Amino acid sequence: MNKLVSGAIGVEVKLRVGINKIHLPDVINLRGKRIKHIDFCTYDNLQSTPSGNAIIALGVENGLFLTMVEANTQTELIRDIPVTQLNSNGNRLFIDKIIDFQMSYITVTNSNTSDSCYMIFWYDEPSVWGIVNMNDRTAIQPLEIKLIGTKTFFKENRDLLQKKYQNIILSNQLLTPNGANTVSSSFWGNKFLTLQFKGLQFFSQVPLYLFYQANQNFMLRLQNIQFDMQNSYIETLTTTADDLNTVFFNAIIDDNPVNSKR
Amino acid sequence: MTTIQNVACLELEITPDEKRVSFTKDIFKYKKILGIYMFRSDDVAQMLNPSFTGEINNNADFGDISLYLNLTDIENNQFVKDLSLSQFILSNNKDTSPEKIFLESKINRVLNFDQSFLVLKTFNFTKFKTLIYVLYQSQNFTPQDDTVNGSITITINGEMYNDNKDVQLSKFVNKELNGKKIKQIISTGNQDGYLDLICKNHIIENVPIGIFDIRNEKQFLLDNVEIDFEKSFYRKRNFQHFNPHASTTYLTFIY
């Protein structure tokens, strides 16, 4: 089962021809965060990074191994794990460590590409989350956004104002309840979701496809996080007519009486 | 993982004029609804519904239809608004849908069915037939124990039961299973058809056999039900295509 998370950040790692050890970049927003899970994106799901660089061709990932250094002890507690093991249909490894990103690296066994890897680090931020109990009452609300360009902000939704999110589920139906055409799943591979709260990007450039969960063994679990939807957005790298349709989600939100917790 | 106590099967025929589709049964009154699923046939073929009155639309038909679920509880809170139902669809074909792509439905409320409905959006269709499965609770669940105390597997020979027909389960099951508290059924082989289980204190109505072929984290278990095999039926419903390699159905009853 996936662990509760309060955010996720996408990180691009560009490979270089002839270089067998590529260090991860320093990501300020991940400093000191406890990493719960990692997803490694493959070309069949994601074709470009947010910067527009091509994702490594399918199969290249078989020669990549991730080593992560724990920040506190500076030891390689996770050494040479095949990145393919980070793709597990939602049955994600529970990492539960604070990582020193600059000391962590990818080992490349056949370094003949300069394409990019894209990894998602799901993390915990105790200062923002709320308590989530297994038997909590939840409600489900629609959340939709009509893409109008490379970066489209959500409109404020009164039904979701100040609500605590436990999941955001991407739908793959052709029409929304209002009859608008949706973005086909074949166009999800270059779209990224960023969700902010009080000026901080708790979800930063997370590939849209990761929110489609019917094909996953376990659903995402958000830790009763609030979002400022007007400051949250979806980015798309292409803006064809097929790209600029509506993205429809269902948000699972906490539905307990306000004073029943904390 | 979902533990089944009772299942009601509703056969729906939806026409383009119906933008809102109601679904209910008297038996749901004051019962806690645990989950709601739809059923579709496989990618290429259609399967007759349990009552022989029509064929369930297949995957291709579903592609043009968008369905959204709206639920209101008995305190008149609309707690589910426009839930995309496409991810709560069970399919009967393990060959075309080996991963059983669906989300687990977790409702867990007593519903006001007068205010609960499906919203339909579509490009074009004339008539649409589907099955809605409502999982509900009628008493406290028994403690779960995944120990296999014993199992009996029955074989339903496809050559003998090739036609669409209803057959009493007692024709396949010996008396050893009478009174046993069944905690799981596992199906393998041919998945064409339904199981209609009348149990002591519970009813599991016309569930597609294929749901018992799910053996991952989304599997369906039973709440230690005592099946009356005289009153329970295997309802064979062939696909339009016939797959001779999977003509035999094996059902393993675990207690």
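Here the structure is a predicted model, which means the values were calculated and not measured. Throughout, a chain's letter reflects where its sequence line sits, starting with A, and its residues are numbered from 1.
More than 12 heavy atoms of other residues, nucleotides or ligands lie within 6.0 Å of OH in A/Y212, so this atom counts as buried by the packing criterion. More than 12 heavy atoms of other residues, nucleotides or ligands shown are found within 6.0 angstrom of NZ on B/K183.
Within the 3.5 Å criterion, the main-chain N or O of A/T176 finds no donor-acceptor partner in the side chain of B/S66. In this structure, the side chain of B/S105 engages the main chain of B/I36 through a donor-acceptor pair within 3.5 Å. Counting only distance, with no hydrogens or angles, the side chain of A/R221 and the backbone of A/N2 share a donor-acceptor pair below 3.5 Å. Looking only at distances, no side-chain donor or acceptor of A/Y118 sits under 3.5 Å from a matching main-chain atom of A/T42.
Below 4.5 Å, heavy atoms of chain A meet heavy atoms from B/Y68, B/D73, B/E75, B/N77, B/F79, B/V80, B/K81, all part of residues 68-81 of chain B.
With a 4.5 Å cut-off on non-hydrogen atoms, A/T182 does not touch chain B at all. Interface remark: A/D159 contributes side-chain atoms only to the contact with chain B (heavy atom separation under 4.5 Å). Within the 4.5 angstrom heavy-atom criterion, only backbone atoms of A/L170 (N, CA, C, O) approach chain B. When heavy atoms are compared at a cutoff of 4.5 Å, A/N181 approaches chain B solely by way of its side chain, counted from C-beta outward. For B/D82, the parts lying near chain A are the backbone and the side chain together; criterion is any non-hydrogen pair under 4.5 Å.
The aromatic rings of A/F154 and A/F249 sit tilted, their planes meeting at an angle between 30° and 60°.
Interface remark: of the candidates A/P177, A/P142, A/A139, A/P177 forms the most heavy-atom pairs closer than 4.5 Å to chain B. Listed options A/I252, A/N217, A/I253 were ranked by heavy-atom pairs under 4.5 angstrom with chain B; first place goes to A/N217.
Annotation: cation-pi pair A/K36/A/F94 absent, no NZ/CZ under 6.0 Å from the ring centroid and within 45° of its normal.
Taking the ring centroids of B/F28 and B/Y136, they lie under the 6.0 Å cut-off.
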